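The structure displayed is predicted, hence computed values, not measured ones.
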Amino acid sequence: MAAKSTLSNMVICLTGVCLVCAAILGAVYSVTKVPIEQASQKAMLTSIGMVIPEGGELSEAISDEATGMSYYKSVAEGKTIAYAVNSTVTGFGGPLVLMVGVLPDGTVYATKVLSQSETPGLGAQCATSESFISQFRGLGPDKKIAVRKDGGDIDAITASTITSRAYALAVSNAVTLVKTLEGQVLNEADSWSGASTKAEQTENKEEQK
């Protein structure tokens, strides 16, 4: 005889289904958690290796509460030879996350895009355009890390001013953090902003459609 359909029966059935689904999801999560974390850590170490010189011993991730950024120190013979800074800003399409290698004197060693959601064919070129990315390699502390439109030394990606500004800002923030850690005196070119301003985005909206 079929069970009588009542509200209480429906609630019991739905509760049972939810409990089973929750148990399955929990089991899947427990199985995949470690591999995912290992893959993420491997990808992070690979990106760090691409932006700092070889030969140092890498520290654990260190968080900087004042800026919200995290960084790693590469140490050799008791001296820090480079920093790898995880720097995030707001680009045209959303968060733009970079790994920035910086030497103790404030020189940019190299950069690597970790994630971005910029416009394909335009701002997304920040992760692939060698002519754009190469401008940051070996960029000395005497240079202004900003696009030329803002008085800096960086040529922006064509029709992607906002993305180019964001990329430069992420690098500049990383350099400023390293200068602070090294006890260097900051100047007006050093920035702490975490995002492109609304005014900047409005000003360049037509340039990067």
Side-chain angles (χ1 to χ4, degrees), residues 1-51 58-73 83-100 111-129 133 157 159-171 173-174 177 192-209:
M1 181 176 180
K4 186 176 181 180
S5 177
T6 63
L7 179 61
S8 60
N9 286 341
M10 291 175 63
V11 170
I12 292 172
C13 289
L14 287 174
T15 300
V17 170
C18 290
L19 289 174
V20 171
C21 290
I24 293 173
L25 288 174
V28 171
Y29 174 76
S30 63
V31 171
T32 59
K33 179 182 178 182
V34 173
I36 290 174
E37 289 179 346
Q38 290 176 338
S40 178
Q41 181 66 13
K42 183 178 180 180
M44 182 65 69
L45 291 175
T46 299
S47 66
I48 292 172
M50 296 173 68
V51 301
L58 198 64
S59 72
E60 295 292 329
I62 304 169
S63 297
D64 183 78
E65 295 182 0
T67 63
M69 290 189 285
S70 62
Y71 63 94
Y72 301 77
K73 294 168 65 175
Y83 294 83
V85 183
N86 192 321
S87 182
T88 302
V89 296
T90 301
F92 182 78
L96 176 61
V97 185
L98 268 63
M99 184 64 73
V100 185
T111 62
K112 170 70 175 175
V113 174
L114 299 181
S115 66
Q116 54 86 18
S117 53
E118 303 303 277
T119 307
L122 293 174
Q125 294 182 74
C126 69
T128 59
S129 173
I133 298 170
I157 299 169
S160 301
T161 302
I162 295 174
T163 299
S164 302
R165 275 177 166 160
Y167 195 111
L169 179 60
V171 176
N173 284 345
L177 174 60
W192 284 113
S193 176
S196 301
T197 65
K198 196 169 184 178
E200 286 176 339
Q201 293 181 352
T202 301
E203 175 187 352
N204 296 286
K205 188 174 182 181
E206 294 302 319
E207 295 183 37
Q208 192 164 324
K209 277 189 174 181

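- Of the candidates Val97, Leu114, Leu96, Val97 is the only one forming a side-chain contact (heavy atoms from CB on, under 4.5 Å) with Thr88.
- In this structure the side chain of Tyr167 reaches within 4.5 angstrom of the side chain of Ile133, judged on heavy atoms.
- For the pair Leu58/Leu45, a side-chain contact is recorded, criterion being any heavy-atom separation below 4.5 Å from C-beta on.
- No donor-acceptor pair closer than 3.5 Å links the side chain of Thr163 to the backbone N or O of Gly91.
- A donor-acceptor contact shorter than 3.5 Å links the side chain of Ser59 to the backbone of Lys73.
- The structure places CD1 of Ile162 at 11.5 Å from OG1 of Thr90, a figure rounded to the nearest 0.5 Å.
- Between the side chain of Glu118 and the backbone N or O of Gln125, no donor-acceptor pair lies under 3.5 Å.
- Of all the heavy atoms in Ala166 and Val89, the pair that sits closest is O-CG2, 3.2 Å.
- For the pair Thr119/Ser160, no side-chain contact is recorded, criterion being any heavy-atom separation below 4.5 Å from C-beta on.
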* Met99 and Met44: side-chain contact (heavy atoms from CB on, under 4.5 Å), yes or no, with the steps? -> CA-CA 9 Å; Met99 184 64 73; Met44 182 65 69; 3.1 Å; yes
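- Taking CG of Leu177 as the start and CE of Met69 as the end, the distance is 4.5 Å to the nearest 0.5 Å.
- Looking at Ser117, its side chain does come within 3.5 Å of a backbone N or O of Gly93 through a donor-acceptor pair.
- The structure places CG of Leu14 at 11.0 Å from CG of Leu19, a figure rounded to the nearest 0.5 Å.
- When all heavy atoms of Val100 and Ser87 are compared, the pair lying nearest together is CG2-CB, 4.5 Å.
- Here the CG atom belonging to Leu122 is positioned 12.0 Å from the OG atom belonging to Ser129, to the nearest 0.5 angstrom.
- The two residues Pro120 and Ala124 make their nearest non-hydrogen contact at CA-CB, 3.9 Å.
- Closest of all the heavy-atom pairs between Ala84 and Val51 is CB-CG2, 4.4 Å.
- Here the OG1 atom belonging to Thr161 is positioned 10.5 Å from the CZ atom belonging to Phe92, to the nearest 0.5 angstrom.
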